[in-house]
Number of protein chains: 2
Amino acid sequence: MNAPVSTPISAPALTKNQSLVFDVLDRSDAPMSAYTILDRLRDHGFRAPLQVYRALDKLLEFGMVHRLESLNAFVACAHPESECCGKGHGHGHGTVAFAICESCGHVSEFHDHEVDHRLSDWAKTKNFKPAKTTIEIRGLCGACAA
Amino acid sequence: MNAPVSTPISAPALTKNQSLVFDVLDRSDAPMSAYTILDRLRDHGFRAPLQVYRALDKLLEFGMVHRLESLNAFVACAHPESECCGKGHGHGHGTVAFAICESCGHVSEFHDHEVDHRLSDWAKTKNFKPAKTTIEIRGLCGACAA
DNA sequence: ATCAATTGCGTTATGCTATAACGTGTGTCA
DNA sequence: TGACACACGTTATAGCATAACGCAATTGAT
């Protein structure tokens, strides 16, 4: 009884743990650490960090969740659900960037082809093969800077 | 006897601990975690993580060291020593990007004005005030990909 | 000179983030 | 039906980072 169960909307059918973790992230308006997620899910039977990390690994693989490296935290992908970050198949077609407000915690996800292009140009000339690119801007959002 | 001592070449005179930490990083050809630095410096009297973290905080502030967020590790700034990343005064004039080889650990530091420009344009239109920007490309360097 | 403020330092303890290693149950399919 | 893959649960441990205390030295204003 541990196999993936079809879910109403999401792309690859998620297992119970995966849905629980995703829902918590999706409902949050700020990034969450694995341990915070764990605490939110104690009532649903979660007892250990690995339960969270294993679900997160899959969700990251599916492109449904992003990891914010500068925060050691996770957010649900902001793109509605179409052509996000290279869902099922492989490499994806673009790198996502994040603007993280250090005051309210809000995160904006965006994409810029030109930035992508410049970075992969650099890689080409250096013969570097990119696997994953991280772009994170920390600062103050419009509301908090005012 | 804990005050900064003039050092041969570096910019703001470093204290003993700061020089020790910087030298270890500068001699390394791969990023090092704070705890690895600590181990390298046991023979020089280092006993606790805080001794390393406090030195790193200052070196980061001076712009002599960078933190790699996706690795939880640190590298000496690659720019020779002139007009690096906004040394003493303040904001610096540019964001530095890193290409990190996941095979050999080598890190290339570079800078791209156009990328900078695109990102700060985005920030302007969103009224976001950037404080610090992280750009890290993980993959395989030319030598390792061959 | 001297006192207050600042900064660096050392130590102990603690907290947060992440993974290793083990075993169980279940669905797939040759 | 037996090998395999995968999700899961649990315990233990590894790795990264900071809080809170107190002392020593330097600076600089009075």
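Keep in mind that the numbers below use all heavy atoms, side chains included, and drop hydrogens, waters and symmetry copies. First the proteins, then the strands, lettered A, B, ... as listed; each starts at 1.
More than 12 heavy atoms of other shown residues, nucleotides or ligands fall within 6.0 angstrom of atom CZ in A:R138.
In this entry the distance linking CD of B:E61 with C1' of C:dG8 reads 13 Å, nearest Å. D:dA17 atom P lies 10 Å from atom CD1 of B:I37, rounded to whole Å. In this structure, B:L38 places its CG atom 11 Å from P of C:dT11, rounding to the nearest Å. Across the protein-nucleic acid pair, B:M32 atom CE and D:dC16 atom P stand 11 Å apart, rounded to whole Å. One can place CZ of A:R54 at 10 Å from P of D:dT10, the figure rounded to the nearest angstrom. Rounded to a whole Å, the CZ atom of B:F46 is 16 Å from the P atom of C:dT12. In this entry the distance linking NE2 of B:H44 with P of C:dC9 reads 15 Å, nearest Å. A:E69 places its CD atom 14 Å from the C1' atom of D:dC16, with the value rounded to the nearest Å.
Remark on the helix from C:dA1-D:dT30 to C:dA30-D:dT1: inter-end axis angle 30°, axes from five-pair C1' superpositions, rounded to 10°.
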Given protein heavy atoms under 4.0 Å, the one-letter contact record of nucleotides 14-20 of chain C, with B base, S sugar-phosphate only and - none, is simply ---BBBB
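The two residues A:M64 and A:F22 have their closest heavy-atom pair at O-CE1, 3.5 Å. Heavy-atom minimum distance, A:E109 versus A:H66: OE2-NE2, 3.1 Å. When all heavy atoms of B:G63 and B:C77 are compared, the pair lying nearest together is O-CB, 3.7 Å. For the pair B:I135 and B:V115, the tightest heavy-atom approach, listed with the atom from each and the gap, is CD1-CG1, 3.7 Å. Counting all heavy atoms, side chain and backbone alike, B:R67 lies closest to B:L60 at N-CD2, 3.7 Å.
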For residues 139-146 of chain B, tabulate all N or O donor-acceptor pairs below 3.5 Å that involve a side-chain atom, not counting sequence neighbours.
none

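Backbone-only contact: B:R47 has heavy atoms under 4.0 Å from sugar-phosphate atoms and none from a base.
Here B:T15 reaches the OP1 or OP2 of C:dC9: one of its side-chain N or O atoms lies under 4.0 Å away. Not one side-chain nitrogen or oxygen of A:K16 sits closer than 4.0 Å to the OP1 or OP2 atom of D:dA7. The phosphate of D:dC8 (OP1 or OP2) has no side-chain N or O of A:Q51 nearer than 4.0 angstrom.
Two residues are said to be in side-chain contact when any heavy atoms from C-beta on lie closer than 4.5 Å; A:M32 and A:V75 fail this criterion.
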### Query
Could you walk me through whether A:S70 and A:E136 pass the side-chain hydrogen bond (donor to acceptor under 3.5 Å, both in side chains) check?
CA-CA 7 Å; A:S70 69; A:E136 297 175 16; 2.5 Å; yes
